[in-house]
Peer 1: 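Before anything else, here's the structure in question.
Everything numeric here is computed off the predicted structure, so don't read it as measured data. The residues of the chain are indexed from 1 along the displayed sequence.
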Amino acid sequence: MKPVSRLALVLLVGAACGSEPEGESASDSATGTSGASASDTQVLSDTDPAVTVGPTETSAASETSVDTQSSQTDSNTDSATDSDSASDTDSASETDSASDTDSATDSDSATDSDSDTTGTDSDSLTDTDSDSMTDSDTDSCTPGMEGCMCDGEFCDEDLTCIDGICTAIAPGCGNEIVDMGEDCDDGQNGDQDDGCTDACAFPACGDGFVQQGEACDDGAGNGNSEACTLACELATCGDGHVHSGVEDCDDGNANNDDACVDMCQAASCGDGYVHAGVEDCDDGNASNSDACVEGCNAATCGDGYVQSGVEECDDGNNNNEDMCNNNCQIPVLEEDACGNVLEGPWMEINYKGRQGYPATSPDWFYSDTPGWGEAEWAPSGNNWPYINALGNINVESANIGGAAIIDSNDRLRLFVGLEEMSNYQYATVCLTGYSYSVGSSVIMDVWNPPLGCGAEVTVSNGWFPYPTNINFGDCLANGGEPSAGFQAIELDPWGGSSAFALQSMRIGLHGAVY
């Protein structure tokens, strides 16, 4: 209760007892030690025609009371104002004032009118009550709470001390608070190797930050086929992972005899490493005259490459009758009487020792060339070649041990066929004999009637056979050409002595393909 002054107390008591003079007023103002202030004003008015002085109940009275509570302020930020006003014969005024941060205003007004049979009693009461209270007290803020001072730099949960005041900070990486879903939060200080990255996660390979112990870290770009592996190591040859676009292979070993060799390249012929089970050799060069030839194969006779210092020749075939034997040595080939090397198919007729036999029955000789023998020389429809003697051709000793005497009225034709011959470079015809006259040579045509080609030759006279060589060129038709199946080599003496003593005739095909 607010303290009241002594004078105000006396006046109030007197008014209650009706002992105060009419129209007297009293005013009391007091201020409490708590700093509160109150103001009350009361006015009483009594009018009674029968009784001048006395209690208000026995007379008509008109009373007006105004009560105003106004302002009250205390140290706890509460403020109230109370104002009461009353009107009476006696008047007393009391004012209390208090200030508070809470404000309230109360206004009451009432009018009372009573009437009885003994008289007229008119009471009028007006009561107005206005309270205002304001409450403002910063001293009541508890340290550590939101908006309050930091208690030793500590704040309640979910609050952060900023500039001495506890403040709520929204969740998020970088707020220096470990929120849900975060491993850590150092305020995104830019140091990715201090135990907490700027992504608020513990450092790990694949986070995109290169930390101690990592050679690289491309984050989602890490891969065992990329420049940075899943182990955050730089891709290197020998790590067992194939670096796409850089390495052919990577078997993680140092062996160069397997499918992946030095520098992580796929094994290949010519790389200088022998691929076990695949290559015989690999000297890393393109020479085919050494011990390792094309395809990384060991050089062998018959591979078509002449191994220097080891082979004289290598024609890559199994024909032992050509210019290169099957042991890759150049053969000491037999030559015909004209000096032609017999490296291909050849056929010979010979009248030596055949005197008394018809000209169609000489001795026959053939090369032992594989795949080309008597039957292959035969003209179409025959099993062997044959001779057609036109005129009177006798076989005599002729001082050389046997010869067929052909004069200008005679023709000697040797019929052959070359349907199975694919090709040849050239043909030769070697004749042994002489002009059958003691005084002059003989002029003779050697030709192929179906093709109309050949050569003219002159053979000397004497008492022994002369070798005469004719390059017959391509005057013999081969497979697929007209007349290939039926053609002849014809001897036709026509000048000089006009007589020729024939002992032998050999036909050779050079560079033949069949």
Peer 1: Tell me if the SG of C264 lies under 2.5 Å from the SG of C249.
Peer 2: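 Looking at C264 and C249, their sulfur gamma atoms do not lie closer than 2.5 Å, so the answer is no.
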Peer 1: Using side-chain heavy atoms (C-beta onward) and a distance below 4.5 Å, is I400 in contact with Y434?
Peer 2: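 Contact flag for I400/Y434 side chains = yes.
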Peer 1: Strictly under 2.5 Å separating the two SG atoms? Check that for C430 and C338, please.
Peer 2: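 Their SG atoms fall under 2.5 Å; a disulfide, then.
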Peer 1: Checking side chain to side chain contact (heavy atoms under 4.5 Å, CB included) for the pair T468/M444: CA distance, chi angles, key distance, verdict?
Peer 2: CA-CA 11 Å; T468 302; M444 181 172 54; over 6 Å; no
Peer 1: Are C161 and C155 close enough that their SG atoms are less than 2.5 Å apart?
Peer 2: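 The answer is no, since C155 and C161 keep their SG atoms 2.5 Å or more apart.
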Peer 1: Mind checking the CG-CD1 spacing from L502 to I349? Nearest 0.5 Å is all I need.
Peer 2: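 The CG atom of L502 sits 6.0 Å away from the CD1 atom of I349.
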Peer 1: Hey, mind stepping through C200 and C173 against disulfide bond (SG atoms under 2.5 Å apart) and telling me if it holds?
Peer 2: CA-CA 6 Å; C200 292; C173 182; 2.0 Å; yes
Peer 1: Can we say the SG-SG distance for C313 and C328 is below 2.5 Å?
Peer 2: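 Taking the criterion (SG atoms under 2.5 Å apart), C328 and C313 fail it, so no.
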Peer 1: Just do the side-chain hydrogen bond (donor to acceptor under 3.5 Å, both in side chains) check on Y305 and E294 with the steps written out, would you?
Peer 2: CA-CA 9 Å; Y305 304 110; E294 188 174 0; 2.6 Å; yes
Peer 1: Checking C475 against C453 for the disulfide bond (SG atoms under 2.5 Å apart) test, could you report, in this order, the C-alpha distance in whole Å, the side-chain angles of both residues, the deciding distance, and whether it holds?
Peer 2: CA-CA 6 Å; C475 197; C453 58; 1.7 Å; yes
Peer 1: Consider only side-chain N and O atoms of Q265 and Y273, and report whether a donor and an acceptor are under 3.5 Å apart.
Peer 2: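 The criterion, which ignores hydrogens and geometry beyond distance, is not satisfied for Y273 and Q265.
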Peer 1: If you take all heavy atoms of C232 and D217, which pair is closest and at what distance?
Peer 2: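 Reported closest heavy-atom pair: SG-OD2, 3.5 Å.
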Peer 1: Would you tell me whether C166 and C148 have their SG atoms within less than 2.5 Å of each other?
Peer 2: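 No.
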Peer 1: Go through the side-chain N and O atoms of N189 and D194 and say whether any donor and acceptor fall under 3.5 Å apart.
Peer 2: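 Judged by distance alone, the side chains do pair up.
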Peer 1: Please examine the side chains of N325 and I330, heavy atoms only from C-beta on, and report whether any two atoms are closer than 4.5 Å.
Peer 2: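 The answer is no, as the side chains (C-beta and beyond) never meet within the 4.5 Å cut-off.
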Peer 1: Are S441 and T458 close enough that a side-chain donor and a side-chain acceptor fall under 3.5 Å?
Peer 2: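 Not at all, the side chains of S441 and T458 share no donor-acceptor pair under 3.5 Å.
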Peer 1: For N350 and E348, does a side-chain donor sit closer than 3.5 Å to a side-chain acceptor?
Peer 2: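 Note: N350 and E348 side chains meet the donor-acceptor criterion.
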Peer 1: With no hydrogens and no angle check, do the side chains of S437 and S435 hold a donor and an acceptor under 3.5 Å apart?
Peer 2: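 No pair is found: no donor N or O on one side chain lies under 3.5 Å from an acceptor on the other.
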Peer 1: If every non-hydrogen atom of D290 is compared with every non-hydrogen atom of Q307, which pair is closest and at what distance?
Peer 2: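 So the minimum-distance heavy-atom pair works out to O-CG, 3.8 Å.
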Peer 1: We want to know whether D492 and W447 form a side-chain donor-acceptor pair, criterion being a heavy-atom distance below 3.5 angstrom.
Peer 2: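 D492 vs W447: no donor-acceptor pair found between side chains.
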Peer 1: Check whether any side-chain heavy atom of Y357 lies under 4.5 Å from a side-chain heavy atom of D363, and answer yes or no.
Peer 2: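 No, too far: nothing below the 4.5 Å cut-off.
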